[in-house]
Protein chains: 2
Amino acid sequence: MVTNNLNVTNGRTAMSTQKIYAPPPGTNWSVLSSTCPSRTSLARIANKWTAMVITVLEDGPLRFGDLRTALEGISGKVLTDTLRDLERDGMITRQSYAEIPPRVEYELTPLGRTLHGPLSVLCRWAEEHIPEVLAARDAYDER
Amino acid sequence: MVTNNLNVTNGRTAMSTQKIYAPPPGTNWSVLSSTCPSRTSLARIANKWTAMVITVLEDGPLRFGDLRTALEGISGKVLTDTLRDLERDGMITRQSYAEIPPRVEYELTPLGRTLHGPLSVLCRWAEEHIPEVLAARDAYDER
DNA sequence: CTGAATCCCATATGATACTG
DNA sequence: CAGTATCATATGGGATTCAG
């Protein structure tokens with residue numbers, strides 16, 4: 001199941017969006033506030049699989065199996081859950097074709113595309129700084 | 001306990017770092033590869049609490065209690081675990097003062113500081129796009 | 001055969017009580 | 001104050017089974 005692990009009362013319609021999410025007077029209304037809905041959003045995007053999915057989808061739509069191959073090692077369930085969460089949050093679209101064998105394609109939405117830059121930066125950071133991180137781990141564990 | 005949830009054989013010393021993490025010939029050696037150590041790194045940084053901790057620490061060292069206050073809603077245990085993981089990976093330093101009452105300060109390392117930009121971008125993205133995300137959720141759930 | 005739901009376990013996270 | 005210990009629960013994730 002796709003659960004919403006967040007301690008926030010959902011807003012209602014898209015129309016009233018701006019009003020609902022305005023900070024109460026005198027409140028620091030940021031991702032740091034436990035009552036701010038943006039935390040739900042941060043939890044979704046600051047996530048290992050999300051980062052990889054968005055990064056991989058940049059080059060165009062991919063079907064389920066291709067994503068699974070690209071994201072070496074992800075299980076079917078986790079990929080399904082991740083994709084559904086991303087679809088729900090408006091980051092990707094899901095296009096199912098009535099064919100045999102079945103074909104389902106996932107594609108970045110404009111919103112999702114705005115996330116690609118930031119997330120790919122993160123992926124690159126991870127790749128570029130492994131040596132330093134692993135060295136730090138070695139040093140730390142040696143004590 | 002602080003666990004390492006990763007499927008990677010640790011490298012050995014900092015000296016041999018460059019050799020060990022060179023990709024086997026013909027391999028796409030990226031964060032997408034399940035055998036690439038950078039995944040361990042990505043898992044740590046692409047994380048809700050990590051993003052918030054690094055973001056908050058940018059303005060200078062903070063002590064445990066201040067961090068806990070700033071990161072509204074985090075439990076002591078989780079904050080401890082998160083900080084220890086970040087320290088192990090060389091992102092922050094921990095300075096303990098022999099005073100009563102005790103004082104412990106956490107500070108970004110140069111390595112950690114290189115992460116601040118990318119992660120704060122993510123936090124800001126979350127803050128700026130909540131309306132769109134919540135609207136998308138509304139639309140999705142309405143079906 | 002592809003995509004995804006189900007079952008089940010490991011881990012992550014959180015609340016609470018306790019200590020130097 | 002800054003943790004640790006313990007316990008309870010939520011979530012992540014893999015193996016398997018199911019559906020079209």
Side-chain angles (χ1 to χ4, degrees), chain A residues 1-8 34-35 39-40 42-53 57 61-89 92-107, chain B residues 1-8 34-35 39-40 42-53 57 61-89 92-107:
Chain A
M1 204 218 326
V2 181
T3 54
N4 180 345
N5 65 335
L6 294 148
N7 44 4
V8 157
S34 63
T35 55
R39 269 218 189 163
T40 73
L42 179 64
R44 174 111 326 119
I45 65 179
N47 169 294
K48 168 189 164 195
W49 292 124
T50 294
M52 292 173 66
V53 168
L57 280 182
L62 283 179
R63 42 195 300 189
F64 187 88
D66 293 333
L67 272 168
R68 190 165 175 180
T69 302
L71 273 47
E72 249 181 63
I74 193 172
S75 74
K77 174 184 176 293
V78 174
L79 180 54
T80 300
D81 290 352
T82 302
L83 291 171
R84 220 172 294 311
D85 286 343
L86 288 176
E87 186 193 1
R88 191 170 96 102
D89 281 6
I92 63 177
T93 56
R94 190 192 115 111
Q95 182 65 251
S96 176
Y97 299 88
E99 303 175 358
I100 293 176
R103 180 163 62 106
V104 179
E105 286 192 342
Y106 295 90
E107 185 172 15
Chain B
M1 202 218 328
V2 181
T3 54
N4 180 344
N5 66 335
L6 294 145
N7 46 3
V8 157
S34 63
T35 55
R39 271 218 187 163
T40 73
L42 180 65
R44 175 110 327 120
I45 65 179
N47 168 293
K48 167 189 165 194
W49 292 124
T50 294
M52 293 174 65
V53 168
L57 280 181
L62 283 179
R63 38 196 304 189
F64 188 88
D66 294 333
L67 273 168
R68 191 166 174 178
T69 302
L71 273 47
E72 248 181 63
I74 192 171
S75 73
K77 177 179 172 303
V78 172
L79 180 54
T80 300
D81 290 350
T82 302
L83 290 172
R84 218 169 301 306
D85 285 344
L86 288 176
E87 186 193 0
R88 191 171 95 102
D89 281 6
I92 64 177
T93 56
R94 189 192 117 111
Q95 181 66 251
S96 175
Y97 299 89
E99 304 173 359
I100 293 177
R103 180 163 61 105
V104 179
E105 287 192 342
Y106 295 90
E107 184 172 15

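Letters go in sequence order (proteins before strands), and every chain restarts at 1. Worth saying up front: this structure is predicted, and the values here are computed from it rather than measured.
- Here the P atom of nucleotide D/dG20 and the CD atom of A/E99 are 17 Å apart, to the nearest Å.
- A/G73 comes within contact range of the sugar-phosphate backbone alone, with a heavy-atom separation under 4.0 Å but no base atom that close.
- Spacing between atom CG of A/L79 and atom P of C/dA5 amounts to 12 Å, rounded to whole angstrom units.
- In this entry the distance linking CG of B/L67 with C1' of D/dC1 reads 13 Å, nearest Å.
- Atom CZ in A/R68 sits roughly 11 Å away from atom P in C/dT2 (whole-Å rounding).
- Between the CZ atom of A/F64 and the C1' atom of C/dC1 there is a distance of 14 Å, given to the nearest Å.
- Set against D/dT4, C/dA5, C/dG14, the side chain of A/R84 has C/dA5 as its closest nucleotide.
- Considering only heavy atoms from C-beta on, B/R68 comes within 4.5 Å of B/I74 through its side chain.
- Residue A/G65 is in sugar-phosphate contact alone, with no base atom involved, counting any heavy-atom pair closer than 4.0 Å across all strands shown.
- To the nearest angstrom, C1' of D/dG14 lies 11 Å from CD1 of A/I74.
- OP1 or OP2 of C/dG3 has at least one side-chain nitrogen or oxygen of A/R63 nearer than 4.0 Å.
- At a threshold of 4.0 angstrom between heavy atoms, the contacts of A/P102 include nucleobase atoms, whether or not backbone atoms are also involved.
- C/dG14 atom P lies 11 Å from atom CG of B/L71, rounded to whole Å.
- Atom NZ of B/K77 and atom C1' of C/dT19 are 18 Å apart (whole Å).
- For B/W49, the side-chain atoms get nearest to C/dG14 when compared with the rest of C/dG14, D/dT4, D/dG14.
- Minimum atom distance to the side chain of A/V78 is reached by D/dG13, of the listed D/dG13, C/dG14, C/dT2.
- Shown here are the salt bridge (charged side-chain N to carboxylate O under 4.0 Å, His left out) partners of B/E105, two or more places apart in sequence or in another chain: B/R103.
- The side chain of A/S75 places an N or O atom within less than 4.0 Å of a non-bridging phosphate oxygen (OP1 or OP2) of D/dG14.
- Taking OH of B/Y106 as the reference point, atom CG of B/L79 lies at 7.0 Å (rounded to 0.5 Å).
- The closest side-chain heavy-atom distance from B/F64 to B/T80 is below 4.5 Å.
- In this structure, B/L83 and B/R94 have side chains that are not in contact, with every pair of non-hydrogen atoms separated by 4.5 Å or more.
- An OP1 or OP2 oxygen of D/dG3 is reached within less than 4.0 angstrom by a side-chain nitrogen or oxygen of B/Y106.
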